[in-house]
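Report on the following structure.
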Amino acid sequence: MGRRDRALGRRLLLPLLGLLALVQGYPIVFAAYISFHDYRLTALDQVRWVGLAQYQGLADNPSYWTAMTNTLIFVGGAVTLELLLGLALALLLHRPVPGQNAFRAVVLMPMFITPIAVGLMFRFLLNSQLGIIPVALRSIGVEIDWFGPDLALFSLILIDVWQWTPLMTLFLLAGLEALPTEPFEAARVDGASGFQILRHLTLPLLRPVILAAVLIRMLDAFRIFEYVYAITRGGPGERTETILFHIYRVGFLYFRLGEAAAMAFTLALVILILVVVLFYILRRQEAWA
Amino acid sequence: MCCRIGHLLIAVALLSAWLMGCRPAAQAPVTLTIIMEEVPDTDVVRKLLPDFEKENPGIKVDIDAMPYDAMRDKILASFMAPKATYDVIIVDNPWMDEFVAGNFLEPLDDRIRGIPDYDFEDFVGPVREIGVVGGKVYGIPFYNYAVGLIVRQDLFDDPAYREAYQKKYGKPLAPPTTLEDYLRVAQFFKEQSGGKIYGAAMQPQRGYKVFEEWKNWLYAAGGNLLDEQGNVIIDRPEAVRALELYIEMYKTAAPPNSLNWGFDEALRAMAAGEAATMMSYNWMLPTLNNPQGPAGALAGKFALYEVPGGKAVLGAWHWAIPRNAPNKDASWRFISWLTSKRMEKQRVILGGAPVRVSAMKDPEVWQKGFGQAYYETVLKILEDAEPLARGPKAEEIIQVVGTELNAAVAGEKTAEQALKDAAAQVRKILGK
């Protein structure tokens, strides 16, 4: 490639870079700017530099820590369950069975419903007086307070699992279908059991797909908002206050955008750390394999 | 040739300019965009719009209705714009002081004085006062959502229940007027019906809802959020007592596992005949008593009373004109037309929630609306009512108190601890 080609290549990149700077760069820089200012929408004439005060304020803001902890529990619980269930479903759907495509279509369906509608559906499905689920459970003598203080966050996890396990299944199924067939045939010839094949062949071969699927689901799960909004509004107490809901509350109900921006940056930091850790784990395991 | 045509064109242009200039005071047609909430009271306003447009030919009205949660940021975005998106807005009572403090609203005193027969004093006092900030009027009352006690009158009139209650407590069964009464009556219905009918469909959902319901209990116990001097008194013993009674009610007489219930669930339980009472907006009564409404066969069996203790939580929407609105005269024309005595009467007859005393005392309204007893009770409720919180930080105060209350009902904290925490946070918000 000559120098002129390279120069041309760089110039061709300019429109895209310009666009990125406009739609991503500017908002991020502006958010950073207001996170260092006392920036309230209802008092724009009193914006003033406060340095790190808003970040320091988060340290002794118990609601912020509760929301962050709740979010981490939610993400950990939901993604783990989705991975296990999704893997099981993918393995089942991978076998040739009659009506395979119909099964796949049905399994994928929850994914296509908008999350706010899913939230509203479950708000009533799990309602003690009106919902079908508590009624069915009561007929076998089980009484569960789904949105009580102990279970509320777990119930939200289950709703997320209901909606997003299909996505996990889809990823893993695609991964399974792309695997080479020879190692499996060889293993079977050598007399490996089904479990041995799963443990020593399928899972190691599937690892990159699993990582990608977990990563995508994890990033998505951090954005948990609709179920909280539609069902619990963060209650009982602060048991289901998630970080995005808290940021929404501070930013768009109290209009303290500077403080909300500071929270958003700490959230981005937490996510970044988790992503790096996840990649590190994968690298190490690849080195072993 | 070309010059002749040029002259002709100039002549035509001059002529048409002259003709247009001569048109007597023809204003350019104005379109008012109004942000409103997607609720029945907005539908009532929609029904009246053709009359307004007929009486004011130069003004067209375009209503932008949306769910409650979308409104606050849209209104704020409109305030921020160089030219307002909305010519007229409606303001929920917790926002009023905040919007005035932000210098977003147009004072209306001069405009009110400009209409001699407007009779601003006719708006019922507590509702009117919400729109007055620092001695100036910024909001004109639109409709109220004060809380009342809605009961199943047929249960209270049922001879079997009456007899059992008389026997048990030695006094007649009647809609409760004190907190202790309310608790006892609610527990009685639950026990007597064998758990089929709960005593009260409560709304302990975190945030606005639980505070809106519980503050009626607080008033009845003689407490408040702030005292006259603005000191936070929500951690006083009477408040603790009010919260303890409220929690006892939740545990002993409300539908089980209803900790996240809000307005919808309580209404459903009431409409389905599963609850004997609920504290809700006074205008839920006509909805429940409507044979085509949610209650079906139970319609007609509901009645409205003042909440126990008599002092109610007041909610109200007000009309206001943003400072950056381009056609303020037309905006005011619309607001003053709709809130005039004449149109208030029409609006209330069509089912709108009243705010003018004259409409609530009008026999024609009684007859064409929901009956004398209803409007008289609503007037009594409105005359002794107070909003959840005032001041520029009202929204945040409501949220933090509502969080602590919900935690106490959930059993996460004792009533005393929750109120102590709530008071501390409110003091911090108010900078005390």
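Proteins come first, then strands; the chains are lettered A, B, ... in the order of their sequence lines, and each starts at number 1.
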B/Glu416 atom CD, neighbour heavy-atom count above 12 within 6.0 Å: no
Residues of residues 141-169 of chain A with any heavy atom under 4.5 Å of a heavy atom in chain B: A/Glu143, A/Ile144, A/Asp145, A/Phe147, A/Gly148, A/Pro149
Backbone N/O of B/Arg206 and side chain of A/Arg233: donor-acceptor pair under 3.5 Å: no
Point-to-point distance, once rounded to the nearest 0.5 Å, from OG of A/Ser128 to CD of B/Glu265: 11.0 Å
Proximity breakdown for B/Glu274 and chain A, heavy-atom pairs closer than 4.5 Å: side chain
Interface residue of largest heavy-atom contact number with chain A, from B/Met80, B/Lys209, B/Lys413, B/Lys393, under 4.5 Å: B/Met80
side-chain contact (heavy atoms from CB on, under 4.5 Å) evaluation trace for B/Glu98 with A/Tyr254: CA-CA 10 Å; B/Glu98 182 183 24; A/Tyr254 312 155; over 6 Å; no
Pairwise side-chain contact, B/Trp261 with A/Asn127, heavy-atom cut-off 4.5 Å (strictly under): yes
A/Tyr26 atom OH: more than 12 heavy-atom contacts under 6.0 Å: no
Interface moiety of B/Asp69 toward chain A, non-hydrogen atoms closer than 4.5 Å: both
Shortest non-hydrogen separation from B/Gln205 to A/Ile231 and the atoms involved: NE2-O, 3.8 Å
Pair A/Arg249 + B/Glu396: basic N to acidic O under 4.0 Å: no
A/Leu20 CG: over 12 foreign heavy atoms closer than 6.0 Å: yes
Minimum heavy-atom distance B/Asn406-A/Pro236, with the two atoms named: OD1-CA, 2.7 Å
Residues, nucleotides or ligands: over 12 heavy atoms within 6.0 Å of A/Phe225 CZ: yes
Close side-chain approach of B/Phe79 to A/Leu41, heavy-atom, < 4.5 Å: no
